[in-house]
Engineer: 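Sending over a structure as structure tokens; questions will come in a sec.
A, B, ... follow the sequence lines: proteins, then strands. Residue 1 opens every chain.
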Amino acid sequence: MELKLYNTLSKTKELFVPIDKEDIRLYVCGPTVYDLAHIGNARPVIVFDLLYRILNNIFGKDNVTYIRNITDVDDKINNRAYAEYPNIFINDAINKITAGVIKSFHEDIFSLGCLNPDFEPKATENISEMQEIILALIKSKNAYVSENHVLFDVTSYKNYGKLTNRTLKEMISGSRIEVATYKRHPLDFVLWKPSSEIEPGWMSPWGYGRPGWHLECSAMSTKYFGSHFDIHGGGIDLIFPHHENEISQSCCFHKNDKMANFFIHNGILNIEGKKMSKSLGNILKIKELLNKWPSEVIRFNMLRTHYRQPIDWTETSLKESWLILNKWYDVTEDQKIFDENNIPYEFIESLCDDLNSPLAISKLHEFYKEGNYDDLRLCGNFLGLLKIGKKDWKNWIPSASNIDVNQIEMLITEREEARKNKDFAQSDKIRDNLIAKGIKLNDNKDKTTWEVL
RNA sequence: GGCCACGUGGCGGAGUGGUUACGCAUGGCUCUGCAAAAGCCCUUAUUCCGGUUCGAUUCCGGACGUGGCCUCCA
């Protein structure tokens with residue numbers, strides 16, 4: 001099976017050819033762990049989980065290595081640490097913050113059905129690796145020391161701006177930031193910066209300080225993957241400066257012309273047509289969504305839009321996602337076990353065309369229509385859907401609700417009696433009372449089921 | 001200002017140089033104590049203006065519109 005992927009480097013869809021088909025290397029930029037993950041954070045996690053599943057399917061799980069790092073050096077983390085633990089050493093305060101956020105992040109994405117990466121390195125655990133790169137870059141004159149900072153000299157790398165598709169001149173013309181005095185060129189970026197006594201830091205040849213953001217991915221990808229790997233992924237907003245700067249550092253350090261063969265970026269996510277932002281107060285946490293919807297609704301809703309398109313995250317589309325899954329769950333048979341290697345060609349083929357999940361999902365609709373429920377379930381499972389079992393799906397209730405399942409069952413039985421006795425006034429009264437509580441009854445041929453509105 | 005992406009029916013959302021997937025909603029029918037659910041069936045679309053072509057929604061150019069990046073936001 002041929003896999004085609006859109007490569008930001010070339011701005012075209014390219015055939016994916018692994019560097020070594022027995023050692024395929026996928027590196028994805030993970031979260032900065034300053035606060036509970038929001039639904040925008042979930043997008044790359046779900047998208048690259050899908051890519052990981054496809055790579056596993058084509059090349060074999062043992063031949064694919066997936067790394068998703070954790071950024072735990074960041075001023076937003078520092079600010080929380082000062083505020084919440086003012087009386088303890090800053091590095092310890094930070095650990096308390098990040099440990100909690102990481103735990104929560106793991107819970108969230110486990111709920112969303114994402115496979116674990118093989119490695120999940122943290123910036124704080126790779127400080128010496130980053131320092132090694134800095135030393136080498138200073139030696140090779142790609143970096144310089146200035147006012148206790150170490151900066152990367154963007155003019156020293158001829159391909160700077162290639163990923164972003166902009167020249168240095170074009171970037172400066174659009175620049176709105178004030179240029180720090182210690183920079184030779186306005187776009188030079190920090191590899192190491194000094195920390196005050198109250199800021200987190202590590203000892204280094206350039207004094208007590210901390211690394212710049214971009215450096216961690218160069219250090220961690222080098223550590224696990226060496227100088228050159230297959231795919232580097234992340235959100236589209238990471239193209240500049242993050243990935244551009246990573247490429248500069250890594251290529252100068254390794255004396256390479258490529259860091260990764262493919263750069264893949266997912267589109268942004270809006271909430272009800274608006275960008276998520278603190279000022280609008282519309283930052284939607286994954287946990288909030290998990291309280292309101294079965295987790296597969298969230299995952300399915302994400303996959304219904306192609307990963308490179310912007311996605312508008314709305315209540316309406318969540319409802320529609322729920323409706324479709326509910327329809328599919330009606331025909332699943334939990335006991336059946338499938339051969340995972342027997343996935344229909346047309347389904348995988350859709351996914352192999354640059355992860356065209358909407359087209360792949362249309363195949364599921366066709367399977368449903370044809371009554372081919374085995375392939376529906378098999379392909380659904382591949383996408384991480386239709387996995388929880390019919391009973392769990394049907395009995396799922398929002399965690400915030402005060403719905404009493406036993407009471408509902410009792411009322412249903414009571415209503416059945418009334419209906420048998422043709423006491424429709426009574427039976428309708430029971431149904432209306434439940435509707436008022438947000439529970440809808442459906443009288444199927446054999447029995448009555450209920451669902452939460 | 002620079003760079004980039006996008007513009008498809010009531011809504012969501014794919015593909016394609018020649019009958020415009022798929023879903024949701026709407027409408028009709030079947031079933032049903034009623035309602036719902038379920039099943040069946042049907043209708044509606046490629047922003048505009050040029051060009052290339054026998055033929056363009058698809059390729060090229062332009063206009064208009066929307067959005068992203070140029071700030072350590074995924």
Engineer: Flag the pair A:Glu315 and A:Lys292 as a salt bridge only when some basic side-chain nitrogen lies within less than 4.0 angstrom of an acidic carboxylate oxygen.
Structural biologist: yes

Engineer: What is the distance from CG of A:Asn326 to C1' of B:G39, rounded to the nearest Å?
Structural biologist: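 In whole Å, B:G39 C1' lies 16 Å from A:Asn326 CG.
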
Engineer: A:Leu191 and A:Ile134: which non-hydrogen atoms are nearest, and at how many Å?
Structural biologist: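 Looking at all heavy atoms of both residues, the closest pair is O-CD1, 3.7 Å.
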
Engineer: Using Watson-Crick and G-U wobble pairs with both distances under 3.5 Å, what is the 5'-to-3' dot-bracket string of RNA chain B, with [ ] for crossing pairs and | for pairs outside the strand?
Structural biologist: (((((((..(((.....[...)))..((((.......)))).....(((((..]....))))))))))))....

Engineer: Would you kindly give the NZ-to-C1' distance between A:Lys13 and B:G15, to the nearest whole Å?
Structural biologist: 9 Å

Engineer: With rounding to whole Å, what would you report as the distance between B:G12 and B:U8 at their C1' atoms?
Structural biologist: 12 Å

Engineer: For B:C31 versus B:C22, give the span between their P atoms, rounded off to a whole number of Å.
Structural biologist: 28 Å

Engineer: Expressed in angstrom and rounded to an integer, what is the separation of A:Leu359 atom CG from B:C22 atom P?
Structural biologist: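 A:Leu359 atom CG is separated from B:C22 atom P by 11 Å.
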
Engineer: In whole Å, what is the span from the CZ atom of A:Arg431 to the C1' atom of B:C34?
Structural biologist: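 Atom-to-atom, A:Arg431 to B:C34, this comes out as 6 Å.
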
Engineer: A:Thr32 side chain N/O closer than 4.0 Å to the phosphate oxygens (OP1, OP2) of B:A74?
Structural biologist: yes

Engineer: Starting at the 5' end of RNA chain B, which residue's closest nucleotide do you reach first, A:Leu441 or A:Tyr307?
Structural biologist: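 Mapping each residue to its closest nucleotide by heavy atoms, the 5'-most match is A:Tyr307.
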
Engineer: Under a 3.5 Å distance rule, please check whether A:Glu244 uses its side chain to pair with a backbone N or O of A:Gly161 as donor and acceptor.
Structural biologist: yes

Engineer: Write down the distance separating the C1' atoms in B:U46 and B:C11, rounded off to the nearest Å.
Structural biologist: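 Their C1' atoms lie roughly 16 Å apart.
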
Engineer: I'd like the P distance from B:A63 over to B:C3, given in whole Å.
Structural biologist: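 So the two P atoms sit 13 Å from each other.
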
Engineer: Tell me yes or no: between the side chains of A:Asn245 and A:Tyr160, is some donor less than 3.5 Å from an acceptor?
Structural biologist: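 Yes - a donor-acceptor pair under 3.5 Å links their side chains.
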
Engineer: Cation over ring, A:Arg68 on A:Phe48, under 6.0 Å and within 45°?
Structural biologist: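 Not satisfied by the 6.0 Å and 45° rule.
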
Engineer: Choosing from B:C72, B:C4, B:C34, which nucleotide comes nearest the side chain of A:Lys193?
Structural biologist: B:C72

Engineer: Taking for each residue the nucleotide of RNA chain B bearing the nearest heavy atom, is the 5' side occupied by A:His38 or by A:Ile324?
Structural biologist: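 That would be A:Ile324.
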
Engineer: Between B:C4 and A:Asn165, is there an OP1 or OP2 to side-chain N/O distance shorter than 4.0 Å?
Structural biologist: yes

Engineer: Is the phosphate of B:G39, meaning OP1 or OP2, less than 4.0 Å from a side-chain N or O of A:Lys327?
Structural biologist: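 Checking A:Lys327 against B:G39: no side-chain N or O falls below 4.0 Å of OP1 or OP2.
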
Engineer: With respect to the side chain of A:Glu170, which nucleotide from B:C6, B:C3, B:A38 is positioned closest?
Structural biologist: B:C3

Engineer: Is A:Glu320 side chain donor-acceptor paired with the B:G23 base, going by distance under 3.5 Å alone?
Structural biologist: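 Side chain to base: pair present.
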
Engineer: If you take atom types as modelled and just measure distance, does the side chain of A:Asn270 reach the base of B:G67 with a donor-acceptor pair under 3.5 Å?
Structural biologist: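 It does not, because no donor-acceptor pair links the side chain of A:Asn270 to the base of B:G67 below 3.5 Å.
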
Engineer: Between B:A21 and B:A14, how many Å separate the two C1' atoms, rounded to a whole number?
Structural biologist: 6 Å

Engineer: Taking atom types as they are modelled, would you say the side chain of A:Asp443 forms a donor-acceptor pair with the base of B:C34 within the 3.5 Å cutoff?
Structural biologist: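 Side chain to base: pair found, below 3.5 Å.
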
Engineer: If I take atom CZ in residue A:Phe300 and atom P in nucleotide B:G13, what distance separates them, rounded to the nearest angstrom?
Structural biologist: 13 Å

Engineer: Do the ring planes of A:Phe189 and A:His214 sit parallel (below 30°), tilted (30 to 60°) or perpendicular (above 60°)?
Structural biologist: perpendicular

Engineer: Let me know which of A:Thr8, A:Asn7, A:Asp237 forms a side chain to side chain donor-acceptor pair (under 3.5 Å) with A:His265.
Structural biologist: A:Thr8

Engineer: OP1 or OP2 of B:A14 versus the side-chain N and O atoms of A:Ser362: is any pair under 4.0 Å?
Structural biologist: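 No, outside the criterion.
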
Engineer: For the residue pair A:Lys390 and A:Trp393, would you count it as a cation-pi contact if the rule is NZ or CZ under 6.0 angstrom from the ring centre and within 45 degrees of the ring axis?
Structural biologist: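 Because its charged atom misses either the 6.0 Å distance or the 45° angle limit, A:Lys390 does not stack over A:Trp393.
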
Engineer: A:Ile361 has an atom CD1; how far is it from atom C1' of B:G13, in whole Å?
Structural biologist: 10 Å

Engineer: For B:C60 versus B:C24, give the span between their C1' atoms, rounded off to a whole number of Å.
Structural biologist: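 Pairwise C1' distance, B:C60 against B:C24, rounds to 36 Å.
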
Engineer: Check whether any side-chain N or O of A:Asn442 sits under 4.0 Å from OP1 or OP2 of B:A37, and answer yes or no.
Structural biologist: no

Engineer: Please determine if A:Arg53 forms a cation-pi arrangement with A:Phe382, meaning its NZ or CZ atom is less than 6.0 Å from the six-membered ring centre and no more than 45° off the ring axis.
Structural biologist: no

Engineer: Say you pick atom C1' in B:A74 and the same atom in B:C69; how far apart are they, in whole Å?
Structural biologist: 14 Å

Engineer: For B:C41 and B:C4, measure between their C1' atoms and round to the nearest Å.
Structural biologist: 45 Å

Engineer: Grab the CG-P distance between A:Leu187 and B:U71 for me, whole Å please.
Structural biologist: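 Rounded to whole Å, this separation is 7 Å.
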
Engineer: Could you give the NZ-to-C1' distance, from A:Lys275 to B:U66, as a whole number of Å?
Structural biologist: 15 Å

